[in-house]
2 protein chains.
Amino acid sequence: MAITQTTKEKVKLTAQKLFRERGYAAVGMRELAKEVGIEAPSIYNHYKSKDDLLREICFDMAQQFFAAFDKTVVTEEKFQRKLKAVIKAHIGVIASNPEASEVFFNEWMFLGQPHLGKFKKMRFEYEMKFRDIIDKGVKKGDFKKMNSKLIAFAIFSALNATYDLYRSNENLSQEEIAEDISDLLLKGLKS
Amino acid sequence: MAITQTTKEKVKLTAQKLFRERGYAAVGMRELAKEVGIEAPSIYNHYKSKDDLLREICFDMAQQFFAAFDKTVVTEEKFQRKLKAVIKAHIGVIASNPEASEVFFNEWMFLGQPHLGKFKKMRFEYEMKFRDIIDKGVKKGDFKKMNSKLIAFAIFSALNATYDLYRSNENLSQEEIAEDISDLLLKGLKS
DNA sequence: TTTTCAAACTAACAAGTGTTAGTTTTTAGC
DNA sequence: GCTAAAAACTAACACTTGTTAGTTTGAAAA
């Protein structure tokens, strides 16, 4: 817990909150500034532009997803275990910051170039890491034969919506969410 | 296929396209009008306001989802069959209009009151129809015991993202999508 | 041919947009 | 306490926003 908060941090946190609540395009700089407790032009002492702010939010999250994936080393040979581990890591990142995650998933389209292009590329690479596990699992016989692209899509869709579960708190723990959802999906992959 | 298209229809279709591509808040009335081939104020001969336009798009889709669900009468007693049938109906509605579906799922938050309230209520009711099938299936023993709310959430997340599959066409048929995804999910529910 | 009405138009308003310039205040280092 | 830099401020620009008022056009009904 940060005892003190720099203005820059406050701007970023407030932007995350407002962008999530109302969408990037619908939030004005004056409104953002007011919520922070400063005047709009003061924001430009910390961020080059509105787009720059969105860029930082989105790319910070992207980095977290990659880091969580790469940190997940599974020595076990079973692909069910491997997939479950990265699913949990993915859900864990979302759980650690549902607000920024929602912005990441829903507002990236407002990024200007060249960031937008880089973002799409990174997201594709990340998705391919998952697809790779599924494909290898199918090849080895751990998973049934299937349209891996379609299945990976369905899995991501279920995982990426989990930010919604932390909004109006229903006393669902991250562990419970990760366990139930990965169980549902992994069972469906059984060969 | 409509051979001729009224201006009102053209406005609605163009709005669906633009709202999907760039988001409701980022699309201006002048831009929408230009794409239709008229001037901005002419739109007001057909729609009361920008919000009115979004309202029509969203509530038309809502009606289609309800209609498809209610039309799905399954005489079979197995809840797997019942659930599979409504899943397919749901995916079918999305497939029949992926563009409007995407607006429906992602832009409803820009609805003004009282439409926003009504929309939320309808969506909740619709989701409860699905939850109801799952709960009854669990009670009867067709599905394993589980957190039905969480599972319903995951199922909806997977289904509602399918509009994305029709965007950059990958030669995926609606039947293939519905079959693969419902298989994945139903297997995970097995008792 | 005249009347009527819907649907297009032009002009404009009031408010809001992101952002820059220039200035003052606050903070930190010596 | 003095200096330098960071971070706040006010004022403003050029442009866009949704929408209204008032007018003209085009086609159908009489």
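Quick caveat, the model's predicted, so the values are computed rather than measured. Below, chains carry the letters A, B, ... as their sequence lines are ordered, and counting in each starts from 1.
- The other residues sharing a hydrophobic cluster with A:F124 are A:M128, where clustering joins ILVMFWY side chains under 4.5 Å apart.
- The residue B:V36 sits apart from the nucleic acid: no heavy atom pair falls under 4.0 Å.
- Remark: C1' of C:dA6 and CD of B:E39 are 18 Å apart, rounded to the nearest angstrom.
- Between A:N45 atom CG and C:dT25 atom P there is a gap of 16 Å when expressed in whole angstrom units.
- Counting to the nearest Å, the P atom of C:dG18 and the CZ atom of A:F110 are 12 Å from each other.
- Taking atom CG on A:D52 and atom C1' on C:dG18, their separation rounds to 14 Å, with Å as the unit.
- Summarising the geometry, the separation between CD on A:E9 and P on D:dA7 is reported as 12 Å, rounded to the nearest angstrom.
- Two residues are said to be in side-chain contact when any heavy atoms from C-beta on lie closer than 4.5 Å; A:I38 and A:K10 fail this criterion.
- For the pair A:I38 CD1 and C:dT25 C1', the computed distance is 15 Å after rounding to whole Å.
- Side-chain N or O atoms of A:Q80 include one that pairs as donor or acceptor with a backbone N or O of A:D142 at under 3.5 Å.
- Close to C:dC9, at under 4.0 Å from its OP1 or OP2, lies a side-chain N or O of B:S42.
- In this structure, B:H46 does not reach the C:dA6 phosphate: none of its side-chain N or O atoms is under 4.0 Å from OP1 or OP2.
- B:Y44 and B:D52 share no side-chain donor-acceptor pair at under 3.5 Å.
- Judged by the 6.0 Å and 45° rule, A:K136 forms no cation-pi pair with A:F79.
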- Determine, for nucleotides 19-28 of chain D in 5'-to-3' order, which nucleotides have protein heavy atoms under 4.0 Å from the base (write B), from only the sugar-phosphate (write S), or from neither (write -). BB--------

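- A close approach under 4.0 Å does occur between a side-chain nitrogen or oxygen of A:T7 and OP1 or OP2 of D:dA8.
- Stacking of A:K50 on the aromatic ring of A:Y24 is recorded, both the 6.0 Å distance cut-off and the 45° axial limit being met.
- The OG atom of A:S182 sits 12.0 Å away from the NZ atom of A:K187 when rounded to the nearest 0.5 Å.
- For the helix from C:dT1-D:dA30 to C:dC30-D:dG1, the angle separating the two terminal helix axes comes to 20°, with each axis derived from five pairs and the value rounded to 10°.
- Judged by distance alone, the side chain of A:T162 and the main-chain N or O of A:A158 form no donor-acceptor pair under 3.5 Å.
- In this structure, the NZ atom of A:K10 is 14 Å from the P atom of D:dA7, given to the nearest Å.
- Hydrophobic clustering of Ile, Leu, Val, Met, Phe, Trp and Tyr side chains at less than 4.5 Å, counting indirect connections, unites A:L184 with B:V138.
- Here D:dA7 presents its P atom at 12 Å from OH of A:Y47, a figure rounded to the nearest Å.
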